[in-house]
Asks: 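This is the structure I want to talk about, given as structure tokens.
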Amino acid sequence: MKAPLILISSGRFMDTLSMRRRQSELYAACLSAAGGAGVLYSGTSASALAERCDGLLLAGGGDIHPARYGQTCTCDKLSIDSVRDAEEQALFDSFFTRSKPVLGICRGMQAINVFLGGTLQQHTDGHANCCHAVHCIGWLAEQIGANAMVNSYHHQIVDRIADDLTAVAHAPDESVEALVHPSAALLGVQWHPERMVPSICVDVAEGNHLPLFSWLCEHC
């Protein structure tokens with residue numbers, strides 16, 4: 001059977017001659033281990049790519065502009081790229097309207113929530129560069145455990161959950177750690193599972209989060 005083709009969203013940076021794209025190789029490595037094939041988004045038509053690709057991985061990165069969820073910037077710690085925000089909105093819309101699966105990781109989970117009408121808390125202390133437990137329910141608990149250890153590299157959290165989404169994991173401080181859609185193939189996690197697959201990268205000594213990438217491939 002042909003491996004599902006998964007589009008991976010990318011960050012942008014200015015080089016000496018032009019804008020360039022970048023993303024961690026771990027995403028593609030995890031997709032490959034799950035039976036998929038990852039390709040990096042390079043700025044071309046979202047609609048055309050949604051026709052050709054089987055699924056979308058909204059990867060980690062900087063912060064979403066607060067204007068996307070009806071707020072002004074109240075934090076001087078934000079790292080914003082409005083072009084990336086617009087690109088990922090178009091990608092999400094193109095895949096979602098075609099009923100193709102979307103996995104959001106860290107920024108990607110926040111993006112799914114914002115694109116469906118939710119909001120974010122612009123800055124919180126104590127969530128960056130640490131490991132902590134999350135309480136999971138449902139399918140997610142079956143895959144990674146009801147009380148799973150995860151990594152944490154974010155300084156923003158979900159505030160108001162979009163009406164169409166449901167929280168399926170929470171941190172000890174009750175912040176949302178995972179979101180799903182009740183009828184569409186949408187899954188978002190606040191941590192970085194690509195760094196929690198033992199054969200590829202280990203941030204936390206226990207657990208294996210490859211099932212999250214398998215979920216994406218299996219729903220294609």
Side-chain angles (χ1 to χ4, degrees), residues 6-15 18-31 36 38-44 46 49-50 53 55-69 71 73-96 101-116 118-125 127-130 150-159 162 165 175-179 186-197 200-201 203 209 212-213 216:
I6 309 297
L7 186 67
I8 305 169
S9 67
S10 60
R12 308 183 318 137
F13 70 101
M14 179 57 73
D15 203 351
S18 68
M19 193 68 74
R20 292 182 178 269
R21 299 278 170 168
R22 62 183 167 192
Q23 195 51 269
S24 170
E25 292 182 351
L26 296 177
Y27 295 113
C30 289
L31 289 171
V39 292
L40 191 67
Y41 177 67
S42 61
T44 51
L49 288 168
C53 296
L56 173 64
L57 193 161
L58 292 175
D63 303 312
I64 299 165
H65 198 295
R68 289 266 162 190
Y69 45 96
Q71 297 180 14
C73 292
T74 60
C75 174
D76 61 3
K77 300 180 183 296
L78 300 185
S79 174
I80 292 170
D81 180 352
S82 294
V83 172
R84 180 174 180 179
D85 293 346
E87 290 176 344
E88 291 190 348
Q89 174 86 68
L91 289 171
F92 176 80
D93 291 345
S94 295
F95 279 81
F96 184 59
V102 180
L103 171 63
I105 291 176
C106 198
R107 168 197 162 93
M109 185 194 83
Q110 296 171 1
I112 290 172
N113 186 58
V114 168
F115 297 159
L116 290 176
T119 66
L120 305 178
Q121 188 171 327
Q122 292 187 33
H123 179 71
T124 62
D125 293 317
H127 288 84
N129 300 318
C130 66
V150 301
N151 54 29
S152 185
Y153 293 103
H154 59 99
H155 77 104
Q156 294 187 316
I157 59 174
V158 167
D159 188 6
L165 298 175
S175 60
V176 175
E177 289 281 336
L179 292 168
L186 295 183
L187 170 64
V189 297
Q190 186 58 76
W191 62 91
H192 280 265
E194 79 279 6
R195 301 188 62 86
M196 298 185 63
V197 177
I200 295 169
C201 184
D203 253 4
H209 291 222
L212 302 185
F213 299 93
L216 179 57

Asks: Flag the pair Phe92 / Leu116 as yes when at least one side-chain heavy-atom distance between them is below 4.5 Å, and no otherwise.
Replies: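 Side-chain contact under 4.5 Å: yes.
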Asks: Quick one: pull up OG1 in Thr44 and CG in Leu49 and give me the separation to the nearest 0.5 Å.
Replies: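 That separation rounds to 4.0 Å.
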Asks: Nearest 0.5 Å please: distance from the CD atom of Gln110 over to the OG1 atom of Thr119.
Replies: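 So the gap between those two atoms works out to 11.0 Å.
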Asks: What heavy-atom pair brings Phe95 and Cys53 nearest, and what distance separates the two atoms?
Replies: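 Closest approach of Phe95 to Cys53, heavy atoms only: CZ-CB, 3.9 Å.
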Asks: Does any part of the side chain of Ile105, heavy atoms only, come nearer than 4.5 Å to the side chain of Phe213, both counted from C-beta?
Replies: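 Yes, their side chains come closer than 4.5 Å.
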Asks: Would Glu88 and Arg107 pass as an ion pair if we require N to O under 4.0 Å?
Replies: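 So Glu88 pairs with Arg107 through a salt bridge.
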Asks: Atom CZ in Arg84, atom CG in Asp63: separation rounded to 0.5 Å?
Replies: 10.5 Å
Asks: If we only count heavy atoms from C-beta on, is the Ile112 to Leu179 side-chain gap below 4.5 Å?
Replies: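 No; the side chains remain at least 4.5 Å from each other.
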Asks: Is there a donor-acceptor contact under 3.5 Å linking the side chains of Gln89 and Asp85?
Replies: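 The criterion, which ignores hydrogens and geometry beyond distance, is not satisfied for Asp85 and Gln89.
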Asks: Is the count of non-hydrogen atoms from other residues, nucleotides or ligands lying under 6.0 Å from Glu25 atom CD greater than 12?
Replies: no
Asks: Please step through side chain to side chain contact (heavy atoms under 4.5 Å, CB included) for the pair Cys106 and Gln190, ending with a clear verdict.
Replies: CA-CA 4 Å; Cys106 198; Gln190 186 58 76; 3.4 Å; yes
Asks: Can you name the nearest heavy-atom pair linking Asn113 to Ala162, along with the distance?
Replies: OD1-N, 2.8 Å
Asks: Please enumerate all residues that pass side-chain contact (heavy atoms from CB on, under 4.5 Å) together with Asp203, with sequence neighbours excluded.
Replies: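 Only Asn151, Tyr153, Arg195, Met196 meet the side-chain contact (heavy atoms from CB on, under 4.5 Å) criterion with Asp203.
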Asks: Going from NE2 on His192 to OG on Ser24, what distance comes out if it is rounded to the nearest 0.5 angstrom?
Replies: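 Reported to 0.5 Å precision, the distance equals 9.0 Å.
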Asks: What's the separation between atom OH in Tyr27 and atom CG in Leu58, rounded to the nearest 0.5 Å?
Replies: 10.0 Å
Asks: Strictly distance-based, threshold 3.5 Å: is any side-chain N or O of Gln121 a donor or acceptor partner for the main-chain N or O of Gln156?
Replies: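 A pair under 3.5 Å: no.
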Asks: Taking side chain as C-beta onward, heavy atoms only, is Leu165 less than 4.5 Å from Val158?
Replies: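 A side-chain contact is absent here, since even the closest heavy-atom pair is not under 4.5 Å.
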Asks: Just wondering, do Ile6 and Leu103 contact through their side chains at under 4.5 Å, heavy atoms?
Replies: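 Leu103 does not reach Ile6 side chain to side chain.
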Asks: Where do Ser9 and Ala59 come nearest, in terms of heavy atoms and distance?
Replies: OG-N, 2.9 Å
Asks: Taking atom CZ as the centre, does Arg20 end up with more than 12 heavy-atom neighbours from other residues, nucleotides or ligands that are less than 6.0 angstrom away?
Replies: no
Asks: Which heavy atom of Gly60 sits nearest a heavy atom of Gln23, and at what distance?
Replies: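 In terms of heavy atoms, the two residues are closest at O-NE2, 3.7 Å.
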Asks: Could you give the distance from CG (Leu31) to CD1 (Ile8), rounded to the nearest 0.5 Å?
Replies: 5.0 Å
Asks: Look at the aromatic rings of His209 and Trp191 and report parallel, tilted or perpendicular, splitting at 30° and 60°.
Replies: perpendicular
Asks: In the structure I gave you, are the side-chain heavy atoms of Phe96 and Leu56 within less than 4.5 Å of one another anywhere?
Replies: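 Phe96 does not reach Leu56 side chain to side chain.
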Asks: Within the distance-only criterion (no hydrogens, no angle test), does the side chain of Glu87 pair as donor or acceptor with the backbone N or O of Gly43 below 3.5 angstrom?
Replies: no
Asks: Locate the shortest heavy-atom distance separating Leu40 from Ser10; write the atom from each residue and the value.
Replies: CD1-CB, 3.7 Å
